[in-house]
Structure formats: structure tokens, C-alpha cells
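We're numbering straight along the sequence, starting at 1.
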Amino acid sequence: MKMPKPTEADRDWFLSLVPDDPRVDVKPMFGNLGAFVNGNMFMGLFGADVGVRLDENDREKLFAIEGAAAFGPEGRPMREYVAMPGGWRQSPDDAVRWVQTALGHVAAMPPKAPGP
């Protein structure tokens, strides 16, 4: 499977949504980017798509919005994530709210244990 590469504009969009929060780290992931809190990813960039990790209720709400889609590789989406509508780049307030929702959801999870 070929990983989609984000453009500079895609990276800039993603970085503009990263909350200014000392708990948040941004790391490269397979040529894309991920934003993490306590070692758990709450927001990711996959090509041009920005996805957020949400609980089941919020996933349903976001999927109900036109332009929202599965996030991740075609045929193997990341099940707890939803890609936000690309049209939100022109009016980012909705995207910022969903990013904050994702941050709150994931920050409440136990910290991820360091790998071997």
C-alpha cells in the first residue's frame, strides 16, 4: 500500500489546528504527522485528510456532517477516527472545536506505555 504524502499546505493546515497545549506533541508518522497527548494520538494527517479520534457518540455526530469520511488507508480505515470535511479549511472554527473534543477524549485515556 502506498502512503499518501501531504503537501506543504496540508501540513500547514494540520499544524494550524494543533492546540497550544504543553501536553501535546507532534511527531512524523510514515511521511504524515500525528498529534499526541500522553503518548496517544488524538489527531492525524493522512495525505490531505485531518482525522480526529472520538468516542462512538461523537464519531456518529461528525460522520453525519457532509464531507466527513473514514480516516486512514482505503479499505483499512482507523476505526476510532473520522476525517474532517476538507471544506473546513475555509472556515476552521468547526475543525478547531472537533480537535478540542478529540484532545479532551484522548487526554482522559490512560497514558500509553512506552514500547520496548
Side-chain angles (χ1 to χ4, degrees):
M1 162 184 37
K2 187 174 180 176
M3 296 297 270
K5 299 292 182 197
T7 66
E8 216 39 55
D10 297 333
R11 288 176 177 272
D12 290 346
W13 167 238
F14 177 86
L15 293 171
S16 77
L17 296 173
V18 174
D20 184 15
D21 185 313
R23 302 172 298 165
V24 173
D25 293 313
V26 175
K27 301 176 188 176
M29 294 198 48
F30 311 109
N32 291 279
L33 295 171
F36 296 79
V37 61
N38 299 326
N40 294 302
M41 189 169 84
F42 68 93
M43 180 173 76
L45 178 66
F46 189 76
D49 294 334
V50 175
V52 288
R53 185 175 184 179
L54 302 167
D55 66 26
E56 184 176 356
N57 186 47
D58 284 331
R59 282 194 304 273
E60 288 177 14
K61 288 178 187 175
L62 184 50
F63 270 126
I65 296 171
E66 185 177 342
F71 179 74
E74 188 176 329
R76 296 188 63 204
M78 298 173 72
R79 69 178 177 84
E80 294 184 1
Y81 293 79
V82 179
M84 296 185 290
W88 285 358
R89 289 186 189 211
Q90 285 69 46
S91 54
D93 290 347
D94 288 327
V96 168
R97 281 193 291 277
W98 282 104
V99 168
Q100 287 296 331
T101 299
L103 174 60
H105 169 64
V106 176
M109 295 176 173
K112 188 169 184 172

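- Here the side chains of Phe71 and Phe46 are in contact, with some heavy-atom distance below 4.5 Å.
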Please report, to 0.1 Å, the donor-acceptor pairs under 3.5 Å made by any side chain of residues 82-95, with sequence neighbours excluded.
unit_1 : atom_1 : unit_2 : atom_2 : d
Arg89  : NH1    : Asp10  : OD1    : 3.2
Arg89  : NH2    : Asp10  : OD1    : 2.8
Arg89  : NH2    : Ala48  : O      : 3.0
Asp94  : OD1    : Arg97  : NH2    : 2.2

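- Residue pairs meeting the salt bridge (charged side-chain N to carboxylate O under 4.0 Å, His left out) criterion with at least one partner in residues 30-45, sequence neighbours excluded, do not occur; the list is empty.
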Going by atom type alone, with no hydrogens or angles, which donor-acceptor pairs under 3.5 Å involve a side-chain atom of residues 23-35 and a protein atom two or more places apart or on another chain?
unit_1 : atom_1 : unit_2 : atom_2 : d
Arg23  : NE     : Asp21  : OD1    : 3.0
Arg23  : NE     : Asp21  : OD2    : 3.3
Arg23  : NH2    : Asp21  : OD2    : 2.8
Asn32  : OD1    : Gly47  : N      : 2.8
Asn32  : ND2    : Pro4   : O      : 3.3
Asn32  : ND2    : Phe30  : O      : 3.3

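- Arg11 is not listed as a side-chain neighbour of Thr7, based on a closest heavy-atom distance of 4.5 Å or more.
- There is a path of hydrophobic side-chain contacts, each under 4.5 Å, that joins Val50 to Phe63.
- One hydrophobic cluster holds both Val18 and Val99 under the rule that ILVMFWY side chains link at heavy-atom gaps under 4.5 Å.
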Problem - side-chain contact (heavy atoms from CB on, under 4.5 Å) assessment of Met43 paired with Phe36 - result: CA-CA 7 Å; Met43 180 173 76; Phe36 296 79; over 6 Å; no

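- In the hydrophobic clustering of ILVMFWY residues, with side-chain heavy atoms under 4.5 Å counting as a link, Met41 and Val96 come out apart.
- For Glu66, the side-chain contact (heavy atoms from CB on, under 4.5 Å) criterion is met by no residue, not counting sequence neighbours.
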Donor-acceptor pairs under 3.5 angstrom involving side-chain atoms of residues 102-114: please list them, not counting sequence neighbours.
none

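- Hydrophobic cluster membership is shared by Leu45 and Phe42, with clusters built from Ile, Leu, Val, Met, Phe, Trp and Tyr side chains linked at under 4.5 angstrom.
- Both Trp98 and Val37 sit in one connected hydrophobic cluster of ILVMFWY residues. Membership requires side-chain heavy atoms under 4.5 Å apart, directly or through other members.
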Under 3.5 Å, which donor-acceptor pairs do the side chains of residues 51-60 form with other protein atoms, sequence neighbours left out?
unit_1 : atom_1 : unit_2 : atom_2 : d
Arg53  : NE     : Glu80  : OE1    : 2.7
Arg53  : NH2    : Glu80  : OE1    : 2.8
Asp55  : OD1    : Asn57  : N      : 3.2
Asp55  : OD1    : Asp58  : N      : 2.8
Arg59  : NH1    : Leu54  : O      : 2.4

